[in-house]
Amino acid sequence: MELYSTLSRTVEPLETLHPDRIYLFVCGPTVYDYSHLGHARTYVVFDVLTKYLRWTGKEVFYLQNITDVDDKIINRAKEDGISQSVLARKFEAEYLRDMKSLGIDAVSYYARATTHIPEIIGQVRRLIEKEVAYVTESGVYFNLDTFGHNGELSGQERAKRVSRVSDATKHNPLDFALWKLGEYGEYTWDSPWGRGRPGWHIEDTAISEKYFGQQYDIHGGGLDLIFPHHEAEIAQMESLEGKHPMVRYWLHTGFLTVKGEKMSKSLGNFITIRDALKTWNRDVLRYFILLSHYRSPLQATDEGLANTAKGLDHIRAIATKDKGADAEGRRAFVEAMESDLNTPMALAAIQRLAGNGDLEALREYGQILGINFLKETSAPLSVLHEIRAELRAQKQFAVADLIRERMVAAGITITDKPL
RNA sequence: GCCGGUGUGGCAGAGCGGUUAAUGCCUUCGCCUGCAAAGCGGAUGCGUGGGGGUUCGACUCCCUCCGCCGGCGCCA
């Protein structure tokens with residue numbers, strides 16, 4: 001398989017550190033609110049990547065962190081008048097529920113920041129011992145001057161950067177926090193430097209080091225995490241162990257856009273996953289997401305989703321008779337997936353497979369993509385269809401058409417046979 | 001300002017240094033149908049942002065300009 005890595009800005013063959021075993025880390029959510037379709041995109045993509053790799057026989061350890069200690073959580077908990085842990089546990093559960101409704105189930109292990117405090121403190125301590133971090137009265141900071149590879153991932157030269165986070169005690173305004181001293185309520189821990197809480201970036205490296213070691217294969221996340229978050233992770237981990245690169249394949253998903261703008265909490269233009277699921281089912285949402293390449297921006301519109309739903313119906317409508325294996329279609333699907341997870345191309349292959357009646361492939365590939373391409377029938381629906389058929393046979397068209405009208409309005413597809 | 005990305009038909013969105021530029025939706029005609037829908041068959045849609053360059057040949061590679069989007073130290 002070939003994957004595009006942000007680190008090299010090129011598509012490279014996937015060569016893993018261990019044969020047949022892949023370590024994949026994806027930045028998880030900060031659990032202070034409901035997740036939206038932009039998040040859904042990223043997690044669907046990595047769900048599909050993992051399922052595809054497993055389908056090819058690889059063992060994938062897919063690790064995802066849950067950021068449950070953070071400014072946003074502290075502030076939201078204060079606003080809502082509840083404790084940080086109650087808020088975090090609630091939205092962690094909501095997140096997992098959303099993931100489940102989207103059919104995202106490839107993650108091997110979810111790791112909370114708050115259950116890895118000893119590992120985090122351990123890393124901070126080691127970074128201080130390595131003399132790449134220093135302690136001030138406000139916290140512990142990473143000294144970016146000590147790290148030669150800085151800026152490698154984002155292409156940003158540090159001399160040209162401007163820091164927005166000001167803290168007079170930092171040696172350099174660009175240095176970032178590893179440990180923040182102070183009392184932050186419930187989520188405050190004792191450390192060798194005093195009571196406080198972790199900085200943002202340190203949880204990921206503490207968690208990934210614990211489960212994967214100092215070096216691993218793939219790190220994924222949204223495009224917006226490249227800088228500074230992923231740069232900081234690299235600085236922390238590589239300074240600690242000297243292994244370079246910490247991660248060879250950095251995969252970043254493009255934004256879901258609304259009227260050309262990034263879908264985000266701050267712009268208020270977001271649709272939560274559960275709201276979207278009120279109108280569109282998970283097959284449609286996944287199909288919609290996979291219809292574009294994961295690195296391209298994707299326009300979210302009602303029209304687009306409606307078209308997607310029709311397209312999916314079309315596949316189901318034509319994939320009825322099993323005509324055996326379509327070797328060419330199967331090859332096209334696999335080739336597309338091998339080529340930097342080109343799901344739009346893979347879905348074009350799915351169209352062919354449906355047209356050519358390779359139902360087995362549709363079932364198998366549908367599991368990789370998490371989409372059911374085959375028509376489902378349920379008992380209640382079959383009964384209704386039977387009643388309509390009988391009415392039509394008796395030429396009771398008025399009643400038959402009324403039933404049809406109502407069924408279509410309810411989003412149920414009906415296919416009549418000639419009388 | 002700096003860095004990164006992106007610009008393909010009515011819409012969404014792929015690909016490729018060289019036959020008619022995927023696929024789906026949309027539009028339209030026919031078949032089918034009790035009528036529709038679905039399906040099947042056909043048709044149409046001034047389409048590769050502008051300008052240079054490399055090349056026998058560029059949508060594809062290079063340069064440049066323009067537009068749009070994002071990041072710039074706690075956004076997937």
Side-chain angles (χ1 to χ4, degrees), chain A residues 6 9 26-30 35-46 67 69-72 142 144 151 153-167 170 173-177 180 198-201 203 220-229 231-232 252-257 260-267 287-288 291-293 295-301 303-318 320 332 336 339 342-352 392 395-397 400-401 404-405 407-408 413-419:
Chain A
T6 307
R9 306 266 174 205
V26 174
C27 287
T30 300
S35 301
H36 59 64
L37 284 182
H39 303 110
R41 182 184 195 191
T42 294
Y43 299 123
V44 164
V45 164
F46 287 107
T67 302
V69 49
D70 170 273
D71 281 348
K72 286 182 180 134
F142 188 92
L144 268 178
L153 192 65
S154 65
Q156 303 255 28
E157 285 177 55
R158 60 185 310 261
K160 292 180 179 165
R161 281 184 249 136
V162 188
S163 175
R164 283 180 182 174
V165 175
S166 58
D167 181 308
K170 289 199 285 188
L174 299 173
D175 293 346
F176 57 86
K180 298 186 171 198
W200 179 35
H201 316 295
E203 68 177 72
L223 203 58
D224 44 4
L225 295 180
I226 294 176
F227 183 87
H229 185 52
E231 290 276 19
H252 293 100
T253 52
F255 295 127
L256 187 72
T257 56
E261 286 182 313
K262 172 187 174 186
M263 177 178 285
S264 71
K265 287 271 164 59
S266 51
L267 286 172
Y287 190 62
F288 174 73
L291 224 32
S292 73
H293 186 75
R295 283 189 282 115
S296 306
L298 169 61
Q299 285 276 4
T301 62
E303 193 197 1
L305 280 155
N307 289 348
T308 299
K310 284 181 198 164
L312 190 53
D313 278 344
H314 177 76
I315 288 174
R316 289 175 179 154
I318 61 175
T320 46
S339 172
N342 194 327
T343 53
M345 245 181 136
L347 289 171
I350 290 287
Q351 299 282 347
R352 281 205 288 282
R392 288 176 67 235
K395 301 207 186 302
Q396 307 234 17
F397 296 125
D401 287 354
R404 175 171 72 190
E405 195 182 300
M407 288 174 81
V408 170
T413 315
I414 43 174
T415 309
D416 279 342
K417 297 224 165 63
L419 287 173

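All chains are named by letter (A, B, ...) in the order of the sequence lines, taking the proteins before the strands, and each is independently numbered beginning at 1.
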Quantified in whole Å, what is the P atom distance between nucleotide B/rA38 and nucleotide B/rC29? 14 Å
Which part of the nucleic acid does A/Leu298 contact within heavy-atom distance under 4.0 Å: base, sugar-phosphate only, or nothing? sugar-phosphate
Taking only side-chain N and O atoms of A/Asn307, does any of them lie within less than 4.0 angstrom of OP1 or OP2 on B/rC26? no
Mind checking A/Gly38 for me? I need base, sugar-phosphate or nothing, with any heavy atom below 4.0 Å counting as a touch. base
Between B/rG50 and B/rA36, how far is it from one P atom to the other, in whole Å? 44 Å
Given the C1' atoms of B/rA14 and B/rC59, what is the spacing between them in whole Å? 13 Å
Stacked pair A/Phe255-B/rA76, distance under 5.5 Å, angle under 30°: no
Which part of the nucleic acid does A/Gly199 contact within heavy-atom distance under 4.0 Å: base, sugar-phosphate only, or nothing? nothing
Taking the six-membered ring for Trp, are A/His201 and A/Phe176 parallel (under 30°), tilted (30 to 60°) or perpendicular (over 60°)? perpendicular
Determine the contact category for A/Leu223: base if any of its heavy atoms lies under 4.0 Å from a base atom, sugar-phosphate if only primed atoms, P, OP1 or OP2 are that close, otherwise nothing. nothing
Going by modelled atom types, is there a donor-acceptor pair between the base of B/rG34 and the side chain of A/Arg392 at under 3.5 Å? yes
Students often get this wrong, so: under 4.0 angstrom with heavy atoms, is A/Tyr43 touching a base, only sugar-phosphate, or nothing? sugar-phosphate
Please tell me which of A/Met263 and A/Ala317 maps to the more 5' nucleotide of RNA chain B, matching each residue to the nucleotide holding its nearest heavy atom. A/Ala317
Please confirm whether the shortest side-chain N or O distance from A/His229 to OP1 or OP2 of B/rC75 is below 4.0 Å. no
Side-chain donor/acceptor of A/Thr415 to base of B/rA38, under 3.5 Å: no
So what does A/Ile318 hit on the nucleic acid, given a heavy-atom distance under 4.0 Å: a base, only sugar-phosphate, or nothing? sugar-phosphate
Contact class for A/Leu225 vs. all strands (heavy atom < 4.0 Å): base, sugar-phosphate, or nothing? sugar-phosphate
A/Lys262 vs B/rG71: side-chain N/O to OP1/OP2 distance below 4.0 Å: yes
Does the side chain of A/Leu223 come within less than 4.5 Å of A/Lys262's, by heavy atoms? no
The side chain of A/His314 lies closest to which of these nucleotides: B/rG24, B/rC26, B/rA76? B/rG24
Considering only heavy atoms and no angle criterion, is a donor-acceptor pair shorter than 3.5 Å present between the side chain of A/Asp313 and the base of B/rG24? no
Provide the distance between the two C1' atoms, one in B/rU55 and one in B/rC62, to the nearest whole Å. 12 Å
Any N/O donor-acceptor pair, A/Asp401 side-chain to B/rA36 base, under 3.5 Å: no
Among B/rG13, B/rC75, B/rC69, find the nucleotide with the atom closest to the side chain of A/Ser292. B/rG13
Counting only side-chain nitrogens and oxygens, does A/His36 get under 4.0 Å of the OP1 or OP2 atom of B/rA76? no
Starting the side chain at C-beta, find the nucleotide from B/rG4, B/rU6, B/rC69 nearest to A/Pro297. B/rU6
Any side-chain N or O of A/Lys417 under 4.0 Å from OP1/OP2 of B/rU33? no
Do A/Asp313 and A/Lys310 meet the salt-bridge criterion of a basic N to acidic O distance under 4.0 Å? no
Selected nucleotide, minimal atom distance to A/Leu419 side chain, candidates B/rU6, B/rG70, B/rG34: B/rG34
What does B/rG17 pair with, Watson-Crick or G-U, if both distances are under 3.5 Å? none
Considering only the C1' atoms, how many Å lie between B/rG51 and B/rG7, rounded to the nearest integer? 16 Å
Phosphate OP1/OP2 of B/rU6: any A/Ser296 side-chain N/O under 4.0 Å: no
To the side chain of A/Ala348, which of B/rG71, B/rU23, B/rA12 is closest? B/rU23
Kindly say whether, by distance alone, the side chain of A/Arg404 makes a donor-acceptor pair under 3.5 Å with the base of B/rA36? yes
Base, sugar-phosphate alone, or nothing: which one does A/Ala400 contact when heavy atoms must sit under 4.0 Å apart? nothing
